[in-house]
Amino acid sequence: MVPFDFTYHRPSSIEEAVRLFERLHKQGKTPLYYGGGTEIITLSRLNLTFADAVIDIKHIPECGVLRIEQNELTLGAALSLTSIEKANPFPLLTKAASEVADRTARNQITLGGNVCGQIFYRETVLPLLLADCHVVIAGKEGLKQRSIHEVFQQRMRLEHGEFLVQVKIDLSYVSLPHAHTKRRKQGKIGYPLVTVAAIKKDERLRVAFSGVCPFPFRSKAVEEQLNARHLPIETRISRALQYLPKPILNDTEGSVEYRLFVLMNALSDILIALEEG
């Protein structure tokens, strides 16, 4: 059970959702936008989040689209991870989504909820970073479209009252050679010890990470070392690790040393897969 009372609101348009948020905030309430609700339930039980009003965006048409037009794939933020798996419009995103939690949870977890969530793994953002996607954000000043690199810096940097509406991906990225690996401490549904996603574009690798640091990231400096193909793979990986952002996670999933050991092996598999096969 959620340990607090809240009012439930179901707007049918972007404008109504934004107005609701502003009105509830002026009434002294703490509103939250709501997609699948899994994170709200999980974190509220740990007293890590609170809301006395939730605004369900699933019934806003723009938040539920999945379409391809004019060489662009558009994904609504309220799409469940399961629906993305079934449609499979972007295989690397499908793979990342299919590795989040278990099937029952993925039926509820939404793309926007995973990307914008407080739980820092946010694994579905990795393919989006690699594909240089754009995001559509709604707020009191209307809609704006931004590069994901502008608004996702360790986490989504949304202003007060804003919410993610859509993700837009250039179709040239969806069929590129790709690889994805997720290493867990144990089992098949736990949080990642290390997750690595990669694509090969113009004969160069792009690589993004989750579980290594307390935030997902893509690093051009790391990529530069991994793409130094005149060097042996082991040397490239060793050099790349020197450019990882800090801190490296040290928690119940694994120590710093163990994480780096697992990461080295994961990167080796990724490089071999994309360069040799």
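We use all heavy atoms of the structure for the numbers below, so side chains are in, but hydrogens, waters and symmetry mates are not.
In this structure Arg10 satisfies the salt bridge (charged side-chain N to carboxylate O under 4.0 Å, His left out) test with no other residue, sequence neighbours excluded. Checked against side-chain contact (heavy atoms from CB on, under 4.5 Å), Arg19 has the following partners two or more places apart in sequence or in another chain: Glu15, Glu16.
The minimum heavy-atom distance linking Leu226 with Arg236 is given by the pair O-NH2, 2.7 Å. The heavy-atom pair separating Glu85 from Ser98 by the smallest distance is OE1-CB, 3.3 Å. Here the closest heavy-atom approach between residue Phe152 and residue Pro216 is recorded as CZ-CG, 3.9 Å. Minimum interatomic distance between Thr124 and Ala97 (heavy atoms only, all atoms of both residues): CG2-CA, 4.0 Å. What you find for Arg106 and Ala101 is that their closest heavy atoms are NH1-O, 3.2 Å. When all heavy atoms of Lys200 and Leu274 are compared, the closest pair comes out as NZ-O, 3.1 Å.
For the side chain to side chain contact (heavy atoms under 4.5 Å, CB included) with Leu263, the lone residue among Ile248, Leu193, Val196 that qualifies is Val196.
For the residue pair Asn250 / Ser255, no side-chain donor-acceptor distance below 3.5 Å is found, with atom types taken as modelled. Remark: the Asp132 side chain and the His149 side chain contain an N/O donor-acceptor pair separated by less than 3.5 Å. Between the side chains of Thr104 and Asp102, not a single donor N or O lies within less than 3.5 Å of an accepting N or O. With hydrogens and angles left out, the side-chain atoms of Thr94 and Asn88 include a donor and acceptor closer than 3.5 Å. Residues Ser238 and Thr235 bring no donor and acceptor atom of their side chains to less than 3.5 Å of each other.
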Going through the checks in order, is the side-chain contact (heavy atoms from CB on, under 4.5 Å) test met by Asp52 and Asp5? CA-CA 6 Å; Asp52 46 17; Asp5 295 326; over 6 Å; no

Please test Phe21 against His160 for ring-ring contact (aromatic ring centres under 6.0 Å, His included), starting from the C-alpha separation and ending with a verdict. CA-CA 9 Å; Phe21 189 98; His160 175 79; 5.1 Å; yes

Could you check Phe217 against Phe209 for ring-ring contact (aromatic ring centres under 6.0 Å, His included), going step by step and ending with a plain yes or no? CA-CA 5 Å; Phe217 67 92; Phe209 305 84; 5.0 Å; yes

Evaluation steps, side-chain contact (heavy atoms from CB on, under 4.5 Å), between Ile55 and Leu24: CA-CA 10 Å; Ile55 301 171; Leu24 291 165; 4.0 Å; yes

Quick one: do Phe90 and Tyr173 satisfy ring-ring contact (aromatic ring centres under 6.0 Å, His included)? Show the steps, please. CA-CA 8 Å; Phe90 181 8; Tyr173 286 94; 8.0 Å; no

From CA spacing to verdict: side chain to side chain donor-acceptor pair (under 3.5 Å), Asp269, Thr181: CA-CA 8 Å; Asp269 290 346; Thr181 183; 5.5 Å; no

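Thr195 contributes no side-chain N or O that, together with a main-chain N or O of Pro192, makes up a donor-acceptor pair within less than 3.5 Å. In this structure a side-chain-to-backbone donor-acceptor pair under 3.5 Å is present from Asp56 to Lys58. A donor-acceptor pair under 3.5 Å is absent between the side-chain atoms of Arg206 and the main chain of Lys201, judged by distance alone. Side-chain atoms of Arg218 come within 3.5 Å of backbone atoms of Leu129 as a donor-acceptor pair (strictly under, hydrogens ignored). With hydrogens and angles ignored, the 3.5 Å screen pairs no side-chain donor or acceptor of Glu99 with any backbone N or O of Ala96. Side-chain atoms of Thr110 do not come within 3.5 Å of backbone N or O of Ala78 as any donor-acceptor pair. Under a 3.5 Å cut-off, the side chain of Asn227 and the backbone N or O of Leu205 do form a donor-acceptor pair. Distance alone, capped at 3.5 Å, is enough to place a donor-acceptor pair between the Asn265 side chain and the Phe261 backbone. Using modelled atom types, no side-chain atom of Arg157 and backbone atom of Val151 make a donor-acceptor pair closer than 3.5 Å.
The shortest distance between side-chain heavy atoms of Pro214 and Pro247 falls below 4.5 Å. Considering only heavy atoms from C-beta on, Phe163 comes within 4.5 Å of Val18 through its side chain. Between Ser268 and Ile237, some side-chain heavy-atom pair lies under the 4.5 Å cut-off. Side chains of Pro245 and Phe215 form a contact here, defined as non-hydrogen atoms less than 4.5 Å apart. Using a 4.5 Å heavy-atom threshold, the side chains of Thr7 and Val54 count as separate. The shortest side-chain heavy-atom distance between Glu203 and Arg229 falls under the 4.5 Å cut-off. The shortest distance between side-chain heavy atoms of Ser80 and Ile109 does not fall below 4.5 Å. Between Met264 and Glu234 the shortest side-chain heavy-atom distance does not fall below 4.5 Å.
Annotation: His25, atom NE2; neighbour count of heavy atoms from other residues, nucleotides and ligands within 6.0 Å does not exceed 12. Other residues, nucleotides and ligands contribute only 12 or fewer heavy atoms inside 6.0 Å of the NZ atom of Lys140.
A continuous path of Ile, Leu, Val, Met, Phe, Trp and Tyr side chains, each step under 4.5 Å between heavy atoms, connects Val167 with Val115, placing both in one hydrophobic cluster. Under the 4.5 Å side-chain heavy-atom criterion for ILVMFWY residues, no single connected hydrophobic cluster contains both Leu143 and Leu158. Under a hydrophobic-cluster definition in which Ile, Leu, Val, Met, Phe, Trp and Tyr are linked whenever side-chain heavy atoms come within less than 4.5 Å, directly or via other members, Ile270 and Leu93 are assigned to different clusters. Both Val194 and Val256 belong to a common hydrophobic cluster when Ile, Leu, Val, Met, Phe, Trp and Tyr are linked at side-chain heavy-atom distances under 4.5 angstrom. The hydrophobic clustering, which links ILVMFWY residues whose side-chain heavy atoms are closer than 4.5 Å, places Leu249 and Leu126 apart.
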With a 3.5 Å cut-off and sequence neighbours excluded, list the donor-acceptor pairs that the side chains of residues 62-74 form with protein atoms.
{"unit_1": "Arg67", "atom_1": "NE", "unit_2": "Glu69", "atom_2": "OE2", "d": "3.2"}
{"unit_1": "Thr74", "atom_1": "OG1", "unit_2": "Lys168", "atom_2": "NZ", "d": "3.2"}

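Under a 4.0 Å N-O distance rule, the pair Arg204/Glu224 qualifies as a salt bridge. Checked for salt-bridge contact, Glu253 and Arg184 miss the test: no charged N lies under 4.0 Å from a carboxylate O. In this structure, Asp251 does not pair ionically with Lys185, as no charged nitrogen and carboxylate oxygen lie closer than 4.0 Å.
Here the straight-line distance linking atom NZ of Lys95 with atom NZ of Lys182 works out to 10.0 Å at 0.5 Å rounding. Between the CG atom of Leu241 and the CZ atom of Arg239 there is a distance of 12.5 Å, given to the nearest 0.5 Å. With rounding to the nearest 0.5 angstrom, the CD1 atom of Ile199 is 10.0 Å from the OG atom of Ser175. How far CD1 of Ile84 is from CG of Asn114: 9.0 Å, rounded to the nearest 0.5 Å. Between the CG atom in Leu111 and the CG atom in Leu164 there is a gap of 7.0 Å [rounded to 0.5 Å]. Atom-to-atom distance recorded for Lys86:NZ and Leu79:CG is 12.5 Å, nearest 0.5 angstrom.
The aromatic rings of Tyr191 and Tyr121 lie parallel to each other, with less than 30° between the two planes, well short of the 60° mark.
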